[in-house]
There are 2 protein chains.
Amino acid sequence: MLGCGMARTDDRFRSAYNRLLDICGSMDIGGQLPAETVLADRMDVSRTIVRSALQKLDSDKLIRWEGRNKTLIRKPEPEHRLEVEEGTLSTEELEQRFFEWILRFDVPAGTALNVAQFSRQFGVPVHNLQEFLAGLSRLGLVERRPRGGWFLLGFTSEFAIELSDFRMVLELNAVRQLLTLPPEHEIWQKLETLKQEHEDLKAVLKDRYHDFSLLDEKFHSAINSVVKNRFVLEAQKLIKLIFHYHYMWDKRDELERNAAAIEEHLEWINAILAHDVEKSEAAALKHLRRSKVTLLQSLRGHKFA
Amino acid sequence: MLGCGMARTDDRFRSAYNRLLDICGSMDIGGQLPAETVLADRMDVSRTIVRSALQKLDSDKLIRWEGRNKTLIRKPEPEHRLEVEEGTLSTEELEQRFFEWILRFDVPAGTALNVAQFSRQFGVPVHNLQEFLAGLSRLGLVERRPRGGWFLLGFTSEFAIELSDFRMVLELNAVRQLLTLPPEHEIWQKLETLKQEHEDLKAVLKDRYHDFSLLDEKFHSAINSVVKNRFVLEAQKLIKLIFHYHYMWDKRDELERNAAAIEEHLEWINAILAHDVEKSEAAALKHLRRSKVTLLQSLRGHKFA
DNA sequence: ATTTTGAATTTAATAATTAAATACAATATG
DNA sequence: CATATTGTATTTAATTATTAAATTCAAAAT
């Protein structure tokens, strides 16, 4: 253990060792530690780790370990604790950092992605990045080059158009399903609340137009929540991501855009609450079409900024 | 080069070397090989590889290499050629093998997937498998375990139901789009041909009912082909895969099932050709709903076989 | 008979290594 | 001298080797 080039972090060992110190701390000198299996169970690690930790406790003269006797001979002090590395970025965080990078620097489609550089920049093992990019390739955002490496595909106008069209298909389907739901379904109450929230924000929009982004997400999530389907959900995660990030970086005409969107949302909500299928679909289409145009404009804006 | 533990195959070098032998073969003794850059360009490899290959030609006494003089001193013989390893499985082949394995052995949801074992079984580097599984995780078919490893999620009844529902959303959308297309669009001719093919097969179904599988795929592909959208296409790839494999392994009542399907297809095609929106959607729904039931039955059949 | 331990094996993550690509300076050629 | 070509060094990416950790199984102790 602790060779010069450690092929794998011993993080799990270190945190287990510290937890074992805690256990020792709550015991009296001369007391016996429980069996290896019991410790392994209690700390949710393998016996291998328990045994390594016990070995270290023994060689550090905190316990005397002979066969199945593990006698505490000294109370652990704070300096006995091992430093535990802070965890690496989660997939969600990595996703955030990646999209932020793309949009902040207007990375154009076709750009080669340097895994080693990302690894340094984000402090993420190359391995995790490969995995992350492989996932994105299924979504058509990146592609593998014939001989190693990756390159960015997405964020062209075509991508935005197709994503928006896909969004339309999914949300119109959600609207159709929604309108067949019985009056006792929670969605109706949700929509009443959302209507009120839209009207409240509309009244103070000039001062608080930044707040619309959150409300927008809440509204679309509510509409989509009636469809219980893992494929739809997965697709919506991507849609939310792209639209969210683009709005975050495109601040032109934000007040006007949000004012128009609120009106469209209200028209849509009212049509649904009136159980008017035709009007609901029309209102949905109107809003989604304008959303598509906005996304396209934000892309062009970025490109020629 | 050629150390005992080669960290990477020198496949590229070997095939480049062989191509260089071909070039030498078409030259006369005493002739000069072109510049390194020219060779690199012509063989589509880096100069590094060209230089390694030249070095080997020199040490094998086929050329004399001094500075920029590369003189052919002996014609290459067949025994000079290097053996080139056959390439590894492509992503598509890997996908096929993976799904075949799942369905052939009825691998239940929740099963832990052993990357090392797949690597041996399929003859694919672990690396590629990780990448492949990372892609599937975006589709919700597998999931990463908290501490390393993967496990299978899909192929439960819920999965089949949600996939079928998703399919309905996409194909109904395709039908709606199809019906707005102008008469000169190629789809109308395609549908006429498909109608004839269905009727031809129907006439000889008792003897050739196995052929329906192909026709089924052709028909659904045609319908979906009118939607030009990368997200829809990606989703359809998965749908096709799952339905295809299930039909391949479920042979019960194949004749009856296919007979019914042909009738449903014909009803659907006729409704579309008559430009009847209502009837087209109804026929599509009827067929897709029965397809869903069949998929669910085939799952149960597998489970209790 | 059951629990616990010791040792060996297997699995999975990652550091080290190698093939290949690229960049750049040095040299030769017209 | 300008251009083309080569030699060397660096960077990148794929794969092996190594290590941490989990698991397995038989032996020993209670």
Side-chain angles (χ1 to χ4, degrees), chain A residues 1-16 33-41 43-55 65-70 88 112-120 124-131 133 144-150, chain B residues 1-16 32-41 43-55 65-70 88 112-120 124-131 144-150:
Chain A
M1 202 201 305
L2 293 173
C4 52
M6 200 156 27
R8 185 174 164 168
T9 63
D10 58 352
D11 226 51
R12 221 167 139 62
F13 165 78
R14 297 169 95 88
S15 67
L33 278 165
E36 293 170 14
T37 41
V38 176
L39 287 171
D41 252 36
M43 311 202 296
D44 190 34
V45 291
S46 71
R47 258 186 63 220
T48 310
I49 289 195
V50 172
R51 287 171 65 81
S52 323
L54 287 173
Q55 206 130 47
W65 188 20
E66 291 161 311
R68 57 187 61 180
N69 291 341
K70 298 167 284 283
T88 181
L113 303 174
N114 188 327
V115 179
Q117 189 197 309
F118 280 131
S119 174
R120 283 191 294 270
V124 172
V126 176
H127 185 251
N128 290 16
L129 277 164
Q130 297 278 14
E131 218 169 277
L133 291 174
R144 218 165 192 344
R145 276 186 303 183
R147 245 183 329 287
W150 300 86
Chain B
M1 203 200 303
L2 296 172
C4 54
M6 203 156 25
R8 184 174 165 166
T9 64
D10 57 353
D11 225 51
R12 219 166 141 64
F13 165 78
R14 298 169 95 88
S15 67
Q32 291 290 326
L33 278 165
E36 294 172 13
T37 41
V38 175
L39 287 171
D41 253 35
M43 310 202 296
D44 191 34
V45 292
S46 72
R47 257 185 65 219
T48 310
I49 286 195
V50 172
R51 288 171 65 80
S52 323
L54 288 173
Q55 206 131 47
W65 187 22
E66 291 161 311
R68 57 188 60 181
N69 292 341
K70 298 169 281 282
T88 180
L113 303 174
N114 188 328
V115 179
Q117 188 198 309
F118 280 129
S119 173
R120 282 191 297 270
V124 171
V126 177
H127 185 250
N128 292 15
L129 277 163
Q130 297 279 11
E131 218 170 277
R144 218 168 192 341
R145 276 185 304 182
R147 244 185 328 288
W150 299 85

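Proteins come first, then strands; the chains are lettered A, B, ... in the order of their sequence lines, and each starts at number 1. In what follows, every heavy atom counts, from backbone to side chain, and hydrogens, waters and symmetry copies are set aside.
Mapped onto DNA chain D by nearest heavy atom, B:Pro34 and B:Thr48 fall at different nucleotides, with B:Pro34 at the one closer to the 5' end. Taking the nucleotide of DNA chain D with the nearest heavy atom to each of A:Arg47 and B:Val38, the more 5' of the two is matched to B:Val38.
Straight-line distance from the CG atom of A:Leu54 to the C1' atom of C:dT4: 13 Å, rounded to whole Å. Atom P of nucleotide D:dA21 and atom CG of A:Asp11 are separated by 8 Å, given to the nearest angstrom. In this structure, B:Asp41 places its CG atom 15 Å from C1' of D:dT6, rounding to the nearest Å. Put simply, CZ on A:Arg51 is 15 Å from C1' on D:dA20, counting in whole angstrom units. Distance B:Asp10 CG to C:dA21 C1': 16 Å, rounded to the nearest Å. As a whole-Å value, the separation of A:Glu36 CD from C:dA7 P is 11 Å. Residue A:Gln55 contributes atom CD, which lies 10 Å from atom P of C:dA7 at whole-angstrom precision.
For B:Ile49, counting side-chain heavy atoms from C-beta on, the closest listed nucleotide (D:dA22, C:dA21, C:dA19) is C:dA21. Checking D:dA22, C:dA20, D:dT8 against every side-chain atom of A:Val45, the shortest atom distance belongs to D:dA22.
Considering CD of B:Glu36 and OG of B:Ser46, their distance stands at 10.5 Å, rounded to 0.5 Å.
Remark: A:Arg12 is in phosphate contact with D:dA22, judged by side-chain N or O atoms under 4.0 Å from OP1 or OP2. Here A:Ser46 does not reach the OP1 or OP2 of D:dA21: none of its side-chain N or O atoms lies under 4.0 Å away.
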Set out, line by line, the N/O atom pairs under 3.5 Å between protein and nucleotides 28-30 of chain C.
none

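Shown here are the side chain to side chain contact (heavy atoms under 4.5 Å, CB included) partners of A:Arg68, two or more places apart in sequence or in another chain: there are none.
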